[in-house]
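Reviewing the structure listed below.
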Amino acid sequence: MQRLVYVDNNATTQVDPLVFEAMRPLLVDRYGNPSSIHAFASSVAKDIEQAREQMASAIGAEHATEIIFTSSGTESDNTAIRSALASRAGRKRIVISRVEHPAILTMCRYLEREGITVTQLPVAVDGTLSLLDLREAMADDVAVVSLMAANNETGVLFPIEEAAAIAHEHGALFHTDAVQAVGKIALNMKTSNVDMLALSGHKIHAPKGIGALFVRRGRRFRPFMLGGHQERGRRGGTENVAGIVALGKAAQLCEQHLTEEQGRVRALRDRLEAGLLQVRGTRVNGHLEKRLPGTTNVSFKSVEGEAILLHLDEHGICASSGSACTSGSLEPSHVLRAMGVPFNYAHGSIRFSLGRFNSAGDVDHILAVMPGIIERLREISPFKAV
Amino acid sequence: MGWNYTDKVKEHFLNPKNVGRIEDADGIGEVGSIACGDALSLTIKVNKESGVIEDARFQTFGCGSAIASSSILTEMVKGMTIEEALKITNQDIAAALGGLPAEKMHCSVMGREALEAAVANYRGEQLVAHTDEDEGRVICYCFGITDAKIRRVVAENSLKTLEDVTNYTKAGGGCGACKDEIESILEEIRGTVKEVPAPPKPEKKKLSNLQRIAMIQEILDNEVRPMLQRDDGDLELLDIDGATVAIRLTGHCTGCRASGMTTMWIEEKLREIIDPDIRVEVHEEGL
């Protein structure tokens, strides 16, 4: 069988075998509803609380009760924004960046129809955010500032602690979409200014369909999903018990793997990136240092991203692109456009996102085939490469 | 291979036929642009006596289906007379590939347009294939698609929905601001025109001449030039005389096939904010 090289870990990750083992009994044997009174089911509630402890610990949260389990990063983001608006009555403005994930962007676009004003902060050519821009945008009408901790396409990190402090100066809440950051960079909610933080299970080797929202103790919170008393009345709906247990285990593993992520995975990424830059007419999109350790976004001038991906796929390599043909819309990625990446580079952008299951052999394989793919596509292209 | 491509698409994508450019071509057809995300340059060699296309070559920037559509098109037209070749529709191109995913149909439309353009060029006709685009009213500013092109493609492919129109022409696939207008065109074609009263125009403030010049300069500097600079282009403001704004395009904008679009976009922007009578003139050289 052809070797599979999975370097699309920002899209989703392989469920860690240890995570699967942890969740398995909750699917097969111990299927009780944690709200039931009998012993068979109520023991499951303990597993949920253990997972909550594990999740809290991984992001350095002081109290396990600051974790609310949800269905996804998107639900967590939506909940945070809604809750902030509801608990900051009279404040009708949200401040976000132009490069937020659709979980935030689409929500905000929807809220505009409800009379909420949304201020979108620009980013620099390297994808970084200026705190001066945030300061300028702030006033006492802002209910919440929501900025991602790390960008999903470029891996660029935002200064969330400083941003949260600025938000607080104006009495606004601060939410961060940390879906891509958890497990890859150290987070310590105990000493942090952040009020709310969204994360997702399937980005950290838990299965799809589970997420969590951190809400700092003492912050007012309004539930988004209305229903039963689950999650202390903060999120209705019978708990995704197996998913929650999986997320807890995955969070615990993240703590163990953090040093590896910062060391071994970063070294793999750096070698891959250096090798790719040997191909002429290439550039890296995003700040080289203020970045996630496993992500690189490289543009190949005058070739189109989907065509590159299809060729990579032929070699068993799974990556993704910010090109128009793959962005779901017909325009290239909003992140690259916000950074001002020229069209002839934006259409040819490829994101490689590495993780704990990648090896040196994976990098070798990509570097062996990439120059040939680009050369072939450039032969076909009517535009010059350099 | 993903994206639900047929084996035929895969074959022509991985091993495209007739790649390149005929140096002494009799007809050249160039459509699309790098900004739009796909572009095709088709060159043909025609036997003057028999009118048979003896050779066809292509260069394409685009996704898998754009490359496959170009490749199969060159295979199809070789050996055909010009008249026969012109009968090839975008559906024929898609069919020859065993079908294309709906959202990729615009790739076949691009092939058909390149063919028309190459034939027009061979016959010495200027842009005959694209008169509809030149004369029509621009509906989709993201991709420069006119109502005339939308009507033509809708008719040729019996399109019914907004989604169809986007799949075949790309119109509406960018910011999406033109979706309502596309729906109106479709309703009109279906003969179910609903009279929608035009929204009241926002009152334009009366500006002094100085204010007006300052505002034009500001819009050009803050909104227009950064967009052009992203693609290594730029513009220079030469003069403002009454309602006429004279500019010169520089860098990559010079000679860019999309520069006509760019000018219309600038004009639209100025009209919207300052004065509906503004006219933008493009000068090749400084005044």
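Since the structure is predicted, the reported quantities are computational estimates derived from the model, not experimental observations. Convention: sequence-line order gives letters A, B, ...; per-chain numbering from 1.
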Quick check: are there more than 12 heavy atoms from other residues, nucleotides or ligands sitting under 6.0 Å from NZ of B:Lys17?
yes

Of all heavy-atom pairs between B:Gln59 and A:Glu379, which one has the smallest distance, and what is that distance?
NE2-O, 4.3 Å

Geometric class of the A:His311/B:Phe13 ring pair [parallel <30°, tilted 30-60°, perpendicular >60°]:
tilted

What residues, two or more places apart in sequence or in another chain, satisfy salt bridge (Lys or Arg N to Asp or Glu O under 4.0 Å) together with A:Glu114?
A:Arg82

Tightest non-hydrogen contact, residues A:Arg376 and B:Pro16, listed as NH2-CD, 4.0 Å

Tell me whether the count of non-hydrogen atoms from other residues, nucleotides or ligands lying under 6.0 Å of CZ in A:Phe357 goes above 12.
yes

Does A:Glu304 use its side chain to pair, donor to acceptor, with the backbone of B:Gly37 at less than 3.5 Å?
no

Which atoms form the tightest heavy-atom contact between B:Thr60 and A:Pro382, and what is the distance?
C-CD, 3.4 Å

Where B:Ile34 and A:Phe343 come nearest, the two heavy atoms and their spacing:
O-CB, 4.0 Å

Please classify the contact between A:Arg337 and chain B as side chain, backbone, both or neither, with a heavy-atom cut-off of under 4.5 Å.
both

How far does OG of B:Ser33 sit from CZ of A:Phe383, to the nearest 0.5 angstrom?
6.5 Å

Where is the tightest heavy-atom contact between B:Phe61 and A:Ser302, given as atom of each residue plus distance?
CD1-O, 3.3 Å

Under the side chain to side chain contact (heavy atoms under 4.5 Å, CB included) rule, what do B:Phe58 and A:Ile380 come out as? Steps first, then yes or no, please.
CA-CA 8 Å; B:Phe58 80 93; A:Ile380 301 176; 3.7 Å; yes

Is the number of heavy atoms from other residues, nucleotides or ligands under 6.0 Å of B:Lys78 NZ greater than 12?
yes

Answer yes or no: are there more than 12 heavy-atom neighbours, outside B:Glu163 itself, under 6.0 Å from its atom CD?
no

